Asks: 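Sharing a structure below in structure tokens format, with a few things to ask.
Please read all numbers here as calculations on a predicted model, not as lab measurements. Chain letters run A, B, ... following the sequence lines, proteins first, then strands; residues in each count from 1.
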Amino acid sequence: MMKVLVAEILISLSLSWLRLAVALALSVFSALIVGIAAGVDRRIEKGVIPVLDVLQSVPILGFFPIAIYFLATSIPIIGLELASIFLIFTCTFWNIAFGVYEAVRAVPTSVLDVLELSNLGWAARLSKVYIPASIPRIADQLPASLANAFYFLAASEILALGSEELALSGIGSLILGAIAKGDIYTAALSLAAVVLSISAVYLFVINPISSYANKYRFDITQPPARPPRIVLPHILPTIRLHLFQPITRFSITAQRILPTALVNVRYVSWGAIRILAFISLIAGLILLVARVYAELPDVQATVIGILAAAASLGVIPMLEAVGFSMMRVAICISLNFAISLIIVYGLVEKAGRLRDAILPLLQIVASLPAPLVFPLVAPLFEANPLSREAGAILLMSLGTFWYILYSTLGGFTKVHTEYLELAELYKLSGLKKLRYIYLPFAVPSIVTGLLTATGGAWNTIIIAERLGREGGIFAVTTPGLGKIMAEFAERGDLYALAYTVIVMTLVIVALNRILWRRLYDYAIKALRIHE
Amino acid sequence: MSDAGTLLELRNVTHVYRLRSGVNLRIIENFSLSVNYAEFLGIVGPSGCGKSTILRIMAGLIRPEEGEVIFLGRPLHRTTPRIALMHQLPPLLPWLTVEENVYIALASSETLSEEEKRTRVSQFLDLVGLTGYESAYPYELSGGMRQRVALARALVSEPDLLLLDEPFSNLDPLTALSLSREIEHMWLDSTLPPASVVMVTHNIEEVVLLADRVVVLGGRPAKVYAEMPIKLERPRSKKAEEFYGYVDSIFSLIS
């Protein structure tokens with residue numbers, strides 16, 4: 001019995017990790033293509049970045065119909081797996097893509113000049129400059145992507161829409177299934193397996209990748225300012241000790257790669273590959289469009305359906321739902337920020353060398369899949385409406401806290417040594433040090449972190465306001481956008497679901513444009529940070 | 001000169017820098033040096049010989065692994081407003097005005113009233129020739145002016161000892177000369193801070209122009225290779241007969 005259970009857990013765990021690995025590999029690969037293209041070419045940048053920006057605001061539930069209808073139900077056998085991988089991909093891709101884009105944009109002009117002068121072909125540019133330059137940022141983003149993927153692990157393994165419920169075997173579906181059956185023992189054992197495997201992956205995969213990636217780091221000595229257009233933060237950017245990796249190493253590498261004879265051969269073969277790739281891309285696109293067109297219900301019917309759903313829901317209930325959810329998001333973000341500030345200040349000022357030990361621990365805790373842990377403690381929050389609100393905010397926090405913590409920590413560690421010496425020389429400590437030194441340096445990074453965290457918090461309300469099918473495990477008593485989304489998804493009311501997804505995307509995008517971007521621009525101006 | 005009494009003394013100081021790879025670099029070992037009252041001490045040596053580390057130990061920023069730092073007869077365990085340090089690239093806070101940047105040196109002082117602090121700040125801004133720039137921001141200033149803000153900030157707490165970490169190496173020659181003249185002038189004026197100055201540099205002409213005594217460092221861990229008093233009349237000029245004699249002999253000691 002025990003043996004069977006262990007075997008089941010191990011198999012489910014491996015399947016989940018396999019999906020995750022494939023999705024992450026896909027994310028990195030596509031992020032490199034999109035990020036480098038946008039970073040190198042102004043026209044592509046103008047088209048791609050705003051689209052990415054909006055798409056990353058779309059809640060994961062918004063991708064469900066695509067996952068289920070175009071992948072799971074229309075492609076036989078592997079369709080379900082593809083759908084799951086696609087959903088994981090939507091949790092991991094965006095921040096890596098923005099990371100690559102920023103890294104490519106940050107390649108110093110001197111290096112670009114060397115490239116121009118040495119007449120390098122595209123293959124060489126990619127392999128010698130753009131990809132190496134992106135590696136540190138990809139490594140920085142991996143923990144966040146991993147944590148995100150685990151947060152939505154169960155969602156990606158149980159593709160439920162209406163009466164259809166397509167469960168894949170994996171650790172997420174195993175745990176939720178066990179909880180639904182009241183089998184706490186299996187659930188706890190599986191969770192322990194998840195924690196162990198995450199720790200192992202950090203220890204043996206993520207951390208080695210990070211230290212390997214440090215070799216390629218050449219943008220750390222730049223000022224804290226960032227181009228304000230960028231949405232994603234640089235989570236975990238400067239926690240490394242190698243703060244002064246020489247910028248020069250890079251241009252030396254760039255100059256060493258000049259055997260021009262080779263370049264010509266490469267250029268020709270690369271040209272051939274490029275043409276082939278282009279042709280297959282076009283062919284693939286045509287096939288995709290044909291497929292989508294065949295599957296897609298009439299556009300007119302869709303629009304009418306969505307409008308009808310909006311009308312039948314009514315304006316006031318929708319406003320109420322958005323209002324309550326917004327309140328939850330605001331409380332969650334402010335609480336998390338206050339706690340992060342205290343923790344980061346403690347880490348930076350008091351922890352000393354302990355910091356190196358505490359950080360990896362935090363990373364592991366960060367990637368614990370909260371929606372899978374939470375059902376175990378949910379009964380504690382069932383008591384009354386207020387405690388349910390607290391439970392929802394806790395569940396949201398588990399998905400957003402780490403973004404805020406990492407970006408705050410990243411900001412604090414950007415303070416150069418001379419400024420810390422300054423504080424010591426003039427005995428600025430406590431609040432004075434926070435006010436004069438740490439906070440101003442950290443503000444740009446904090447604002448980008450809060451921006452992402454807010455988007456993330458909106459995404460988590462779908463789980464936090466209503467966890468489990470048919471209101472089963474946990475639900476708030478007050479209205480909420482996430483709650484009605486979950487209800488529509490359960491009813492299989494695609495039009496109503498599309499309507500709520502659109503509303504949430506609009507709310508997130510509007511908050512980004514109206515609140516966070518302005519705050520960022522204002523901060524940069526007020527702080528007089530000039531590059 | 002050396003009979004005027006000791007202001008600060010490093011006694012058998014050792015500092016080890018631990019690399020992440022586990023290698024321990026002994027930057028300085030069993031190192032002793034004293035700074036006298038009213039002295040302008042120059043420290044020269046090749047890059048990476050530990051000059052800056054020594055300066056930071058004198059400032060109380062780095063606590064040595066072994067040995068003691070004695071300041072005014074007492075062991076120095078932490079930074080004090082009576083010892084000021086000026087960095088090579090002045091770390092001015094970009095979000096504060098010139099006035100506020102100088103003010104932070106007094107922000108934590110409990111003995112001065114708010115009004116005294118403000119008066120002190122404008123007095124020292126005046127002294128370095130920045131009157132009229134109080135509400136400017138660092139990015140609006142030239143490199144030389146920024147270094148003046150840093151100088152005002154270093155001196156506003158009226159320190160006994162001013163430590164200079166290659167203060168002129170990022171300035172054009174003319175600005176560097178006039179700023180060094182001003183520092184010399186304030187040091188010579190007994191009513192103004194500082195009493196003594198320690199300057200780390202690799203510009204030999206600069207050190208011969210300013211210092212009473214030059215210490216030549218080298219090797220790893222750093223040792224004092226040689227010590228040389230500079231007995232030139234002030235104000236000094238490069239045209240003085242013995243000037244290049246000093247420069248040449250220090251140069252040969254380094255190389």
Asks: Work out which heavy atom in A/Leu428 is nearest to a heavy atom in B/Ala107; give both atom names and the distance.
Replies: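 In terms of heavy atoms, the two residues are closest at CD2-CB, 4.1 Å.
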Asks: Side chains of B/Pro91 and A/His416, heavy atoms from C-beta outward: is any pair under 4.5 Å?
Replies: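 No. Closest side-chain heavy atoms not under 4.5 Å.
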Asks: If you draw a 6.0 Å radius around OH in B/Tyr137, do more than 12 non-hydrogen atoms from other residues or ligands fall strictly inside?
Replies: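 It does: B/Tyr137 OH has more than 12 such atoms within range.
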Asks: Which atoms of A/Leu420 come close to chain B, meaning under 4.5 Å heavy atom to heavy atom: side chain ones, backbone ones, both, or neither?
Replies: neither
Asks: Any chance you could measure B/Leu93, atom CG, to A/Tyr436, atom OH, to the nearest 0.5 Å?
Replies: 9.5 Å
Asks: Main chain of B/Leu92, side chain of A/Tyr419: is a donor-acceptor contact present, judged purely on distance under 3.5 Å?
Replies: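 Yes; judged by distance alone, with no hydrogens or angles, the pair exists.
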Asks: Can you tell which part of B/Ser109 gets under 4.5 Å to a heavy atom of chain A, answering side chain, backbone, both or neither?
Replies: neither
Asks: Please output the residues of residues 148-159 of chain B in contact with chain A, using a heavy-atom cutoff of under 4.5 Å, in numerical order.
Replies: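 The stretch touches chain A at B/Arg153, B/Ala154.
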Asks: For B/Glu114, which residues count as a salt bridge (Lys or Arg N to Asp or Glu O under 4.0 Å) partner, sequence neighbours excluded?
Replies: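 Result, salt bridge (Lys or Arg N to Asp or Glu O under 4.0 Å) vs B/Glu114: B/Arg118.
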Asks: Got more than 12 heavy atoms from elsewhere within 6.0 Å of CZ, A/Arg435?
Replies: no
Asks: Name the region of A/Lys427, side chain, backbone, both or neither, that has any atom closer than 4.5 Å to a heavy atom of chain B.
Replies: both
Asks: B/Trp95 side chain to A/Ile437 main-chain N or O, any donor-acceptor pair under 3.5 Å?
Replies: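 Flag not set: sc B/Trp95 to bb A/Ile437 has no pair under 3.5 Å.
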Asks: Would you call A/Glu418 and B/Arg56 a salt bridge, using N to O less than 4.0 angstrom?
Replies: no
Asks: Taking side-chain contact (heavy atoms from CB on, under 4.5 Å) as the criterion, tell me which of B/Ile62, B/Thr79, B/Leu61 meets it with A/Glu421.
Replies: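 One option only clears the test, and that one is B/Leu61.
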Asks: For the residue pair A/Leu422 and B/Leu85, establish whether any side-chain heavy-atom pair is separated by less than 4.5 Å.
Replies: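 A/Leu422 vs B/Leu85: side chains apart.
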